Amino acid sequence: MTEVKKIAYKKLIHQAFLDLKNSGAFDEATFYRNFRIAHAFHNLAEFIVVDFVGFNEDEFWSTVNALTSQFDLHHYRKIFDEAVMER
């Protein structure tokens with residue numbers, strides 16, 4: 001994996017944590033959304049620590065795409081793509 005992509009994934013996980021932190025109301029729907037985001041990104045944190053050894057991009061994006069359609073989280077792919085393009 002290129003260094004540019006590694007940086008983009010780091011920016012992406014930062015955004016996911018911000019989304020969780022700033023999610024607003026503590027209701028059942030928000031909890032479920034946050035749980036799904038945390039589940040999708042928790043492995044990414046581990047792969048960042050081990051310099052992405054064994055990371056499967058297709059599997060990761062498949063999980064994120066499911067979130068995108070369910071919770072209207074299109075900004076994750078946009079953040080990643082913009083980070084890759086700015087380098």
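Hydrogens, waters and symmetry mates are skipped; everything else that's a heavy atom, side chains included, is used. Position 1 is the first residue of the sequence, and the numbers go up from there. Everything numeric in this text was worked out from a predicted model, so none of it was measured.
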Side-chain heavy atoms under 4.5 angstrom apart, residues restricted to Ile, Leu, Val, Met, Phe, Trp, Tyr: same cluster for Phe55 and Val50?
yes
Query raised in the report: Shared ILVMFWY cluster between Met1 and Val84, side chains joined below 4.5 angstrom?
Result: yes
- Specify the closest pair of heavy atoms between Ser23 and Asn34, including all atoms of both residues, with the distance to one decimal.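 Scanning both residues, the minimum pair turns out to be OG-ND2, 2.9 Å.
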Closest non-hydrogen contact found for Val4 with Ala83 is CG1-O, 4.3 Å
Is atom NE2 of His74 surrounded by more than 12 heavy atoms (other residues, nucleotides or ligands) closer than 6.0 Å? yes
Check against side-chain contact (heavy atoms from CB on, under 4.5 Å), Thr68 and Val64: CA-CA 6 Å; Thr68 297; Val64 171; 4.1 Å; yes
Measure the spacing between [atom1] of [X] and [atom2] of [Y] and express it to the nearest 0.5 Å.
X: Asp72; Y: Arg33; atom1: CG; atom2: CZ; value: 9.5 Å
X: Ile7; Y: Ile48; atom1: CD1; atom2: CD1; value: 11.5 Å
X: Leu12; Y: Asp81; atom1: CG; atom2: CG; value: 10.0 Å

Q. Glu86: what forms a salt bridge (Lys or Arg N to Asp or Glu O under 4.0 Å) with it, not counting sequence neighbours?
A.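 Testing Glu86 for salt bridge (Lys or Arg N to Asp or Glu O under 4.0 Å), a comparison that skips the adjacent residues, returns Lys11.
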The salt bridge (Lys or Arg N to Asp or Glu O under 4.0 Å) partners of Arg36 (sequence neighbours excluded) come to none
Review point. Is Phe41 close to Phe17 at the side-chain level, that is, under 4.5 Å between some pair of heavy atoms?
Key: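 No, their side chains stay 4.5 Å or more apart.
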Side chains of Phe60 and Leu44 in contact at under 4.5 Å (non-hydrogen atoms):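 They are in side-chain contact.
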For Asp19, the side-chain hydrogen bond (donor to acceptor under 3.5 Å, both in side chains) test, sequence neighbours excluded, returns Gln15, His75, Tyr76
The complete set of side chain to side chain donor-acceptor pair (under 3.5 Å) pairs with one or both residues in residues 41-57, sequence neighbours excluded, reads Lys5-Glu57, Lys6-Asp51, Tyr9-Glu57
Contacts of Tyr32 meeting ring pair (Phe, Tyr, Trp, His ring centres under 6.0 Å) (sequence neighbours excluded), chain-then-number -> Phe71
Hits for side chain to side chain contact (heavy atoms under 4.5 Å, CB included) against Asp27, two or more places apart or cross-chain, chain-then-number order -> Ala25, Ala29, Thr30
